[in-house]
Amino acid sequence: MLPSKSLIRFRSVCKSWHSLISSPEFSPTHLHNFNKFNSRNLVRCCLWTEKKEVYTVHHDDQHLTLDAPIDFPFNLLRDEYGTIFFTLIACCKGVVCLYNERSPKNEILLWNPSIRRKVTLTPRSYRSELTLVFGFGYCANSNDYKVVRFAYDRSNLIDRPEVEIYSVKTAIWKPIGFPQDSMCYHILSDCSQVFFNGSIHWLATDLGVSHCSILTMDLSTNLFGEIQLPEYLVNYSSMGVTLTVVGDSLGVIYSNRCTVVGSSTYKIWVMKEYKKPASWTLIYDVHYPDTDLGRPLKLRHNGDLVTESRRCNLSIYNREARCYTVDGCCSKGVKLWSISIDKYEESLALLDASDGNNEE
């Protein structure tokens, strides 16, 4: 199966090739077949000193060897305090979803780096007193990418959020109801979201932030659900908890880091049977009394832990705390604001999508 860029060029060879490559059946087939044997990672660096975002693709080998850099097509905004970096909502099936709260129209950006295609979405309405949280994923049943937006009124924390969902296929924002009986309805905007098994997953707490669980939304039905965290974490605050995917399972990473002493503890659970809390299984439990490995980002298939170090470098640790620093992300000596890593997949997504400013 050919890379996405080659397929874009081949669309102009003849009408039949254009029709085949542009067909709705071709894109998901290419997404699956090409990436099945081309496992790679997308690394994002926010460079504080150079005031820019840098994206690089890395092979999924032991040292995450650099494959190639990617041109970032968006200009960063600035205010009196400095550069305003985008919020990375998620990467899913070849598409990166970004948001900048300082943009004039509260715009959301969808970007397919493999074919250099970008789409700008404008929500139906925006009020400055709202706190916004987003989700992004893919519906396989309809071959459609979707953005979910939660709007919380800062002056009334008791009320459930207003929710709307955007379909790339229809280019329409649609309001949907939030379950009134949900105890954990405050989604944590500074925590990870995960797309897994057709649903978006967020960490959410109750009003008193004394109980934490996983809020889910099935993108094929637009219905919400809830998954209990491992018993060890149920009554924890969300601090230090990260959602992830480990292999073919939903996972949770818990970290307890003492930057003064330089110690750190990491625990990772996977859900062996999806939506069955009794199947949560602890697979990683390591304490480093003299080493702070940094903020955990993901657990690799070989058991290595990928972290954002205290100096914002991307590091790989095995269970013996042997460290590998990932090369190629940015120049040495550059001051970083943040760094992240996601699965990178080539796709033809957004090939013929239009900007989304419509309402239903």
Side-chain angles (χ1 to χ4, degrees), residues 1-44 53-61 64-74 86 88-98 108-121 136-147 166-172 195-198 200 219-220 245 248 301 328-329 340-358:
M1 183 65 75
L2 293 170
S4 301
K5 287 183 180 179
S6 300
L7 292 173
I8 296 300
R9 293 197 301 268
F10 290 157
R11 285 210 310 174
S12 60
V13 171
C14 61
K15 289 184 178 179
S16 60
W17 284 22
H18 185 281
S19 177
L20 173 64
I21 296 171
S22 303
S23 68
E25 298 81 15
F26 188 86
S27 179
T29 302
H30 171 264
L31 175 70
H32 176 268
N33 291 343
F34 181 83
N35 296 289
K36 184 178 181 180
F37 302 105
N38 291 277
S39 184
R40 289 177 292 173
N41 299 272
L42 181 66
V43 175
R44 176 206 192 208
E53 295 190 17
V54 174
Y55 289 75
T56 49
V57 178
H58 296 252
H59 295 289
D60 200 30
D61 54 17
L64 294 177
T65 306
L66 177 66
D67 179 15
I70 294 178
D71 292 331
F72 186 63
F74 306 109
F86 286 95
L88 176 61
I89 299 172
C91 299
C92 180
K93 305 294 184 183
V95 178
V96 181
C97 184
L98 299 163
I108 302 161
L109 304 173
L110 300 182
W111 171 43
N112 182 340
S114 64
I115 61 172
R116 300 181 180 181
R117 181 73 171 96
K118 53 186 179 180
V119 174
T120 302
L121 314 182
F136 176 64
Y138 171 77
C139 178
N141 290 349
S142 57
N143 185 28
D144 191 13
Y145 290 81
K146 297 184 178 183
V147 177
Y166 176 83
S167 160
V168 170
K169 180 173 285 189
T170 63
I172 290 176
F195 176 75
F196 175 76
N197 204 35
I200 305 175
L219 292 185
S220 65
V245 174
D248 296 323
H301 57 84
C329 303
S340 62
I341 182 170
D342 287 278
K343 184 177 181 180
Y344 177 75
E345 296 177 290
E346 286 204 19
S347 80
L348 296 173
L350 310 183
L351 184 58
D352 298 309
S354 59
D355 283 352
N357 302 296
N358 301 318

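Note that the structure is predicted; figures quoted are calculated from it, not measured.
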Compare all side-chain heavy atoms of Leu109 with those of Val119 and state whether any distance is below 4.5 angstrom. no
Could you tell me whether the side chain of Leu348 reaches within less than 4.5 Å of the side chain of Leu7, counting heavy atoms only?
yes
For atom CG of Asp248, is the number of surrounding heavy atoms from other residues, nucleotides or ligands below 6.0 Å larger than 12? no
Of all heavy-atom pairs linking Ile115 and Ala349, the shortest is CD1-O, 3.5 Å
Sorted by chain and residue number, the salt bridge (Lys or Arg N to Asp or Glu O under 4.0 Å) partners of Asp60 (sequence neighbours excluded) come out as Arg300
Between the NZ atom in Lys343 and the SG atom in Cys92, the distance rounded to the nearest 0.5 Å is 10.0 Å
Rounded to the nearest 0.5 angstrom, the SG-CG distance for Cys97 and Leu121 is 7.0 Å
Review point. Mind checking whether Lys118 and Leu110 have side chains closer than 4.5 Å, heavy atoms only?
Key: no
Determine whether a donor-acceptor pair (N or O, by modelled atom type, separation under 3.5 Å) exists between the side chain of Lys93 and the backbone of Gly137. no
Any side-chain heavy atom of Phe72 sitting closer than 4.5 Å to one from Leu98? yes
Pair Thr56, His58: side-chain N/O donor-acceptor within cut-off below 3.5 Å:
yes
Would you please classify the geometry between the Trp17 ring and the Phe10 ring as parallel, tilted or perpendicular, with 30° and 60° separating the classes?
-> perpendicular
Between Leu42 and Tyr344, the two heavy atoms sitting closest are N-CB, 3.6 Å
Does the plane of the ring in His30 sit parallel, tilted or perpendicular to the ring in Phe34? Use 30° and 60° as the thresholds.
parallel
Rounded to the nearest 0.5 angstrom, the CD1-NE2 distance for Ile8 and His18 is 9.0 Å
task: May I ask you to test the Tyr166-Ile172 pair for a side-chain heavy-atom distance under 4.5 Å?
output: no
For Val147 and Phe136, the nearest pair of non-hydrogen atoms, with its separation, is CG2-CD1, 3.7 Å
- prompt: Is a salt bridge present between Glu346 and Arg40, judged by a nitrogen-to-oxygen distance below 4.0 Å?
  reply: yes
- Any side-chain heavy-atom pair from Lys146 and Cys139 closer than 4.5 angstrom? yes
Residues 4-27 vs salt bridge (Lys or Arg N to Asp or Glu O under 4.0 Å), sequence neighbours excluded, gives Arg11-Asp352
So OG of Ser16 and CD1 of Ile21: to nearest 0.5 Å the spacing works out to 9.0 Å
Rounding to 0.5 Å, atoms CG (Asn143) and CG (Leu31) come to a distance of 9.0 Å
Heavy-atom nearest pair, Tyr138 first then Pro28, reads OH-CB, 4.0 Å
Q. Hey, does the side chain of Ser22 reach the backbone of Ser19 with a donor-acceptor pair shorter than 3.5 angstrom?
A. no
Hits for side chain to side chain donor-acceptor pair (under 3.5 Å) against Ser167, two or more places apart or cross-chain, chain-then-number order -> Asp144, Thr170
Does Ser340 reach the side chain of Arg44, with side-chain heavy atoms less than 4.5 Å apart? yes
* **Centroid-centroid under 6.0 Å between Tyr55 and Trp111 rings** => yes
So OG of Ser4 and CD of Glu345: to nearest 0.5 Å the spacing works out to 10.5 Å
Closest non-hydrogen atoms of His59 and Asn41, given as atom of the first, atom of the second and distance, are O-ND2, 3.9 Å
Query raised in the report: Donor-acceptor pair, Asp342 side chain versus Ala90 backbone, under 3.5 Å?
Result: no
Query raised in the report: Do Asn112 and Ser347 have side-chain N/O donor and acceptor atoms under 3.5 Å apart?
Result: yes
Got a donor-acceptor contact below 3.5 angstrom from the Glu53 side chain to the Phe86 backbone? yes
Looking only at heavy atoms, the pair that brings Pro113 and Ile70 closest together is CB-CG2, 3.7 Å
